[in-house]
Each structure stands twice: as C-alpha cells, then as structure tokens.
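For ligands, and for the atoms within them, numbers begin at 1 and follow the listed sequence.
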Amino acid sequence: MNATTASSPIRIAVIGSGPAGFYAAGHLLGHAANVVEVDMFERLPTPWGLVRSGVAPDHPKIKSVTRIYEKTAAHPHFRYFGNVELGADITRKELVEHYHAIVYATGSLTDRAMGIAGEDLPGSWAATDFVGWYNAHPDYRHLEFDLSHERAVVIGNGNVALDVARMLVLSHEELSKTDTADHTLDVLQHSNVREVVVIGRRGPAQAAFTNPELRELGDMDDVHVDVDAAELQRALAIPDPNMSPTAERNVAALRAYAESAASGGRSIALRFLMSPVELRGDANGVREIELMHNALQADASGALRATPTGETEVIETGLVMRAIGYRGVALPEVPFDERHHVIPNAKGRVLDPEDAAHRPGEYVVGWIKRGPTGVIGTNKKDAQETVDALLEDLEAGRLAEPAWPDPGAIERLLRERKPALVDYAGWERIDEHERSRGEPHGRPRVKVTDIDEMLRIAAAEKPNGNDGAEDDRASDGTASTRYGTLGTRG
Ligand SMILES: Cc1cc2nc3c(=O)[nH]c(=O)nc-3n(C[C@H](O)[C@H](O)[C@H](O)COP(=O)(O)OP(=O)(O)OC[C@H]3O[C@@H](n4cnc5c(N)ncnc54)[C@H](O)[C@@H]3O)c2cc1C
Ligand SMILES: NC(=O)c1ccc[n+]([C@@H]2O[C@H](COP(=O)([O-])OP(=O)(O)OC[C@H]3O[C@@H](n4cnc5c(N)ncnc54)[C@H](OP(=O)(O)O)[C@@H]3O)[C@@H](O)[C@H]2O)c1
C-alpha cells in the first residue's frame, strides 16, 4: 500500500523533457498535486526535446507550445535536473531506490536506415543529422554538409521530408529571421542547391504529409513546386479504400501544383511510386541514386503496398537525405522491444520481457512508448493514458516503495556526481542569454550549441548574488533546490 499525504508525497522521476515528459508531468501535477512531486531528468542542459531540436526554425508559432510546459515547470512540486543522462549519469536501479515511480519519455533519438548499397557514402545523410544540425543540437554541431551540388534528393513522404526540403531552399532572407543555428545559416547562404526532389515509395493518397505542411510549400518565396500531372494521374489510378480526408485534401493540393506554371529560381519536385535501390559514387561522395518504379497493390488487409515494377530510373545528385522515420534506442536495464524500437508496455505500464507482467512503478510515454509518429499534441492524450494507469496503481497501492524517498537524497547524489547539474533556473539563464542575443537581429533567439558554454551560462550567478533558484544550503554545504511549499516538510 502506498500511503500518501502532503507530508509524505509520492515521488516520480520523469526521464526526458520533450512534449511527452512535460504532458505527463503536467497531468500528474494537475490531477494529484497534493500528493505528488515530480523530478524531470534531461540529458541536455536545455529542455523541450524535439520542440527545440526538431520543429523547423521557420515554424516559430509551433514552438510557443513551450509556454504550457513552462507553467508545469513553475509548479512548486516540480524540479528539473538538466545535463543528467539516464544510463550514463544515473542508473535505473538508483532511480528505483529514490522514486515510487519512473516515467520514461526519452523519444526516438536516432534514425532508420534504408538498408541499400551506397548508403554510407559521403553525401548520404539521415534527416536526423540535418535536422539536429540546423536546429543547433549539440550532438550534431560538428557535422559538415556539402551543399555545392545543384540537386538534392530527399527520400520519404512524411512531414520531416518536407521540413528538410524547405530548409534546403528557403532563402537567406527568410532563414535569417529564425533561430536556425548560426553555423547553418552561413553554410545555407552559400548553398548551390536549386532543386530538391522528394521521393515517395507509394502514391500521393498514401503520403504521410499533413495538409498545412504540403500547402505551405506553395507559399515559399521564389520556389516552384513541381508535380508532373501524368505521374500524379498514374499514381492515383488505383483507388485507395482507406483514403482519409487529409489524403483527399493533399491530393487536391498536388493537383493544383501540377497545374501551376513553372516559376522561381528554385524548385521542390514531388515524385511518387519510387523506392531507392542503390546510391553510387566513390570516396568523394554520392554521384547518383537508382530508384525502382513501383505499382500499388492491395495486401490482405486492403492496404495499398508498393511493389517493384522492374523499371528503374537514375537521378544524378551529390546529396541524399533519408527522411524515412526516427528510431527509439534502448535504455540500460529497461525492457526494449528490438523489433519496434519501443519500451514494451500496456497502456503505458512497462512490461517485463520475461513474463509480460507490469514492472511495478515503471511507465512510458511519447515516441518511446508508441514509436516515432504523431504531432506534439498526440503526446498529450498519450501521456494522459499513462498517467491514468499510474494514478490507478497508486490508488491500488501497486507502486514501488523506494529506499530513500527524501528529495534531498537524490539531489545530493546528483550534485556529487554531476557538479554541472542544470536546474530550471540554470535553463532560464540559458534561455534569457539566447533571447537577448537574438533580439537585436529580430530573431527569436540565437541558440548556444556548445554544452560547455551552456553550462557556464547556466552556472553564472546574477550580480546581486541571487541566482534565481530557490536554494537551501544543506548542512554538508551542498546546494539543495527545494520544492516550494514542500521544502520544509519534516
Ligand atoms: C524533425 C521533426 C520536426 C517536427 N515538427 C513538428 C511540428 O512542427 N509540429 C508538431 O506538432 N510535431 C512535430 N514533430 C513531432 C514532435 O516533435 C513529436 O511528436 C514529439 O517531440 C515527441 O515527443 P517525445 O517527448 O516523445 O520525444 P522528444 O521530443 O524527442 O523528447 C525526448 C527527450 O528525452 C531526452 N532523453 C533521451 N534519452 C535520455 C536519457 N537517457 N536521459 C535523459 N534524457 C533523455 C531527449 O534529449 C529529449 O529531450 C516533429 C518531429 C520531428 C522529428
Ligand atoms: N509540421 C509538422 O507538424 C511536423 C513536422 C515534422 C514531423 N512531424 C510529425 O513527426 C512524425 C514523424 O515524421 P516522419 O516524417 O519522420 O515520419 P512519417 O510521417 O512516418 O513518414 C515516413 C515516410 O517515410 C517513408 N518510408 C519509410 N520507410 C521507407 C523506405 N525504406 N523507403 C522509402 N520510404 C520509406 C514512409 O512511407 P510509407 O508510408 O510507404 O511507409 C513515409 O512516407 C509524424 O507524425 C509527423 O507528422 C510533424
């Protein structure tokens, strides 16, 4: 039985500070604030996951969703431990010793491979790399993209493919008002890319684009969206019984593109029914990509699948980006489904691979729960499901009983092991620094890309000696961030 009172609260660790982690924390604090305390762990000093490092820089409105997460972070029962990676800086076992429940919200950190010859040639990239690079993710800041070629090929028909295509042809004027990483702005300004060919293995009715993202291509300055009317017609020849209203609107947008006259100095061509077969080139890089033409065929369930026709096409290019999906990675000591790259779960309860029973006190949300699909808002409902399961287990006394539930215990351990721990006030200093660098240039922020620099900014005390955090000095001299009203509980 988990006895909870305001003086003996349930302590929950949320691992990952993306939308899923924040929605889970928000639901927990919204539904059980009087009995729950949340500590959020994040491997980077900065929060927000893919809202900071995935969402395209020319979509600033979407990023304003972080205002909701800021409200959660301001809750007196919430603490943020940035620059702490589960697996590297703290183990699952240690979390189990300190918390009644753990919620994994680590997203899908890596990319999927095409599994074809030549994929590793220079000039062949995962969209994950390019996205991380232009969004100033510290892990990708050192990458060097050769944009000296006139034509780039993007594989995949999802929204990430469209983000990548847009970023390759947006003008410097458009990009220079955004929070695109400074190192990227310089390279893109001198880019020779004039044509981006986006390749779908199935037809327009099966594409995963959403309507606003497909339509906005038509609003870009000096960019023509090139759709071949005959190819579009061929790709729509087999009616899709599962065609959604979104797909119908996509098809209408594509028909309009097919009818529009060529204009603009740069273009995005949308091609369908083709699968990559091989990348060819040499040690200097990719020279061309061979693609197999496909036909659509219904499988047993009625879904239309791509089947090779045997006819191939070669496109000359020096830059290939595969935007065919992200992929979750295993966390040490945490069950992992190697086939679907998710943490196995039933409605968010983590399942033990041995007997498929729920591992008491372990939960999962977001992309690492259900795979790398869904927009930001999808994670809200998803987190609600997991939190409902957790609260049901709390009610039924099924949560774990930690050995050291005292909030000071975990913080002492972390500060000892990771002196450069970034608390929420530290992140606010980074945030303020980035915004003030952007402001004179009409940009929302200029992102810091180097972790050491982030840590220096986060650690800098304000001139009056008040660093903004609610700090107590523990008797051993270590700083201890307290939970607002719970700080004095005995
Ligand atoms: C390129 C791209 C653009 C997108 N654009 C949009 C958009 O414009 N609009 C929209 O609605 N949706 C967009 N999405 C989808 C949206 O970003 C996702 O639905 C959402 O971010 C998934 O949330 P998450 O919390 O599961 O994962 P994430 O956002 O990836 O967050 C996971 C967090 O966990 C942290 N983490 C990972 N491992 C550890 C560890 N071991 N220890 C501690 N922390 C860890 C990561 O650093 C990260 O901060 C986009 C996705 C991508 C890939
Ligand atoms: N602005 C936004 O709202 C925005 C921006 C970016 C991302 N997101 C969201 O983030 C999620 C992830 O986006 P995503 O684009 O990474 O994934 P996605 O939507 O799942 O699209 C992946 C695409 O890759 C194709 N593909 C997969 N394997 C392939 C292969 N081996 N060869 C060729 N093509 C292959 C898929 O085709 P099949 O359909 O044939 O499998 C599909 O077209 C989505 O939910 C997306 O909406 C939203």
Original post:
Do you see a protein non-hydrogen atom under 4.0 Å from atom 50 (C) of ligand 1?
Top reply: no

Subject >> Contact bool for atom 14 (N) of ligand 1 (protein heavy atom, d < 4.0 Å) >> reply: no

Between [X] and ligand 1, is there a nitrogen or oxygen pair with a distance under 3.5 Å?
{"X": "Leu50", "result": "yes"}
{"X": "Arg370", "result": "no"}
{"X": "Asp163", "result": "no"}

On a heavy-atom basis, I'd like to know which of [options] is closest to [atom].
{"atom": "atom 37 (C) of ligand 1", "options": "Thr378, Thr106, Val65", "result": "Thr106"}
{"atom": "atom 44 (C) of ligand 2", "options": "Gly158, Gly325, Gly374", "result": "Gly374"}
{"atom": "atom 33 (C) of ligand 2", "options": "Thr210, Ile155, Asp163", "result": "Ile155"}
{"atom": "atom 5 (C) of ligand 2", "options": "Ile199, Asn159, Leu304, Ile376", "result": "Asn159"}

Original post:
At a 4.0 Å threshold, what atoms of ligand 2 neighbour a non-hydrogen atom of Thr373?
Top reply: 45 (O)

**OP:** Examine the side chains of Tyr23 and Gln384 and answer whether a donor and an acceptor come within less than 3.5 Å of each other.
**Re:** no

**OP:** Pick one of side chain, backbone, both or neither for how Ala323 approaches ligand 2, counting any non-hydrogen atom pair under 4.0 Å.
**Re:**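 Backbone only.
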
**OP:** Considering heavy atoms of the protein only, find what lies nearest to atom 16 (C) of ligand 1 and give residue, atom and distance to 0.1 Å.
**Re:** Ile376 CG1, 4.0 Å

**OP:** Taking only heavy atoms of Gly366 into account, list the atoms of ligand 1 that are under 4.0 Å away from them.
**Re:**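 Numbered from 1, ligand 1 contributes 26 (O).
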
